[in-house]
Amino acid sequence: MAQKETKRILVTGAVGQIGSELTMALRDKYGAENVVATGRKTAPSKQLLESGPFEFIDVAKMETVEAVIDKYDIDTVYHMAAILSAVGEDKPWLCWDVNMNGLKNVLDVGVAKKLHRIFVPSSIAAFGPETPLNDTPNDTILKPKTMYGVTKVAGELLADYYVKRFGLDCRGVRYPGIISHETLPGGGTTDYAVAIYYEAVKQGKYECFVKEDTCLPMMYMPDAIKATIDLMEAPFENLKHYNDFNIAAMSFSVTELAASIAKYVPGFTCTYVPDSRQAIADSWPNSIDDTAAREEWGWAPAYDLDAMTQDMLAALRKKHEEGLLD
Ligand code: AKB
């Protein structure tokens, strides 16, 4: 595999929850003018727009992807654009189109233009009810029941195929639920673990759409950004896996999450009214084993539940005082 250097980066899905913070981290690291943020239709934040280049593209339309790669002489892509699990159940064919055709377009441009490296994110949604529930191994049964999960398994396999067949350098992690305070997640099942913090600060209470004993793997955004950039910087020859690394940080039930918040928000209460997202959550593991990521590229998280809770609450209280949460 030819080793080149990352100089000009394209981030797809840069207006989304992970993409927006990843773009800013990459702009710090590689120079703002060298990181091109792109989105499909949501208006970018002032910060994203004013700190570096921004373009609208539709990843499912090859010509829009190709045009932006040519315009900015891109060599590296972080392909974050995706339809998540809950919206994917409402609109399964949009989910297939964006997640599969979008990925294939990016991989094909990668081969045609001999790109240096592509980041291809997957998710714990790749697992399903037949997968071992606790300490889920990296290499295990992948029979998801959601369209989002189907596209994530197919995406992992497709990207691995491009590595072996075309010598394209692409890598990716299976993100757990990501918790953050900059950009709200949109259309996922793990969104409750973000919303609970916002409502704790605004109202001191939260009505949760999954049951109290629902337990899922989760991660704080700074760790997710670190995992993404660390994997992209790992020497290719050290990798045995490519597009399907489990990465773990913490696993907790909603009861445990609510208890952590109640330590710092006296009187905080959580009630439970499960909806259709319960079935999705129930089909995912409680906790995952990330030995492969630790061994192959040195993955280690920094935040546990209480450290994350304190950081989230401090950031959201500041925003609330500035009138930015209403
Ligand atoms: C979702 O809930 O759909 C996402 C994910 C776990 O990939 N946050």
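As the structure is a computational prediction, the values presented were derived from the model and not from experiment. All values below were derived from every heavy atom in this structure, side-chain atoms included, with hydrogens, water molecules and symmetry-related copies excluded. Count residues from 1 along the sequence. Counting starts at 1 for both ligands and their atoms, following the listed order.
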Requested in this report: May I ask you to check whether Y162 and N243 show a side-chain donor-acceptor distance below 3.5 Å?
Outcome: no
Query raised in the report: How about Y206 and T269: does a side-chain donor come under 3.5 Å of a side-chain acceptor?
Result: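 Side-chain D/A pair, Y206 to T269: absent.
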Requested in this report: Would you check the N or O atoms of Y175, main chain and side chain alike, for any that come under 3.5 Å of an N or O of ligand 1?
Outcome: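 It does not: no N or O of Y175 is found under 3.5 Å from an N or O of ligand 1.
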Query raised in the report: Is the shortest N/O to N/O distance between S85 and ligand 1 below 3.5 Å?
Result: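 Yes, there is a polar N/O contact under 3.5 Å.
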**Report entry** Nearest non-hydrogen protein atom, atom 4 (C) of ligand 1
**Finding:** T190 OG1, 4.0 Å
Out of all atoms in ligand 1, which are within 4.0 Å of some heavy atom of [X]? Include the element for each.
{"X": "T189", "result": "1 (C), 2 (O), 3 (O)"}
{"X": "L84", "result": "3 (O)"}
{"X": "S123", "result": "5 (C), 6 (C), 7 (O)"}

Query raised in the report: Between F268 and A262, what is the shortest heavy-atom contact and its length?
Result: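 In this case the closest contact between F268 and A262 is CB-CA, 4.1 Å.
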**Report entry** Taking every non-hydrogen atom, the tightest pair across Y242 and K164
**Finding:** CE1-NZ, 3.9 Å
Report task. Return yes if some donor-acceptor pair links the side-chain N/O of D75 with the main-chain N/O of R8 below 3.5 Å, else return no. Result -> yes
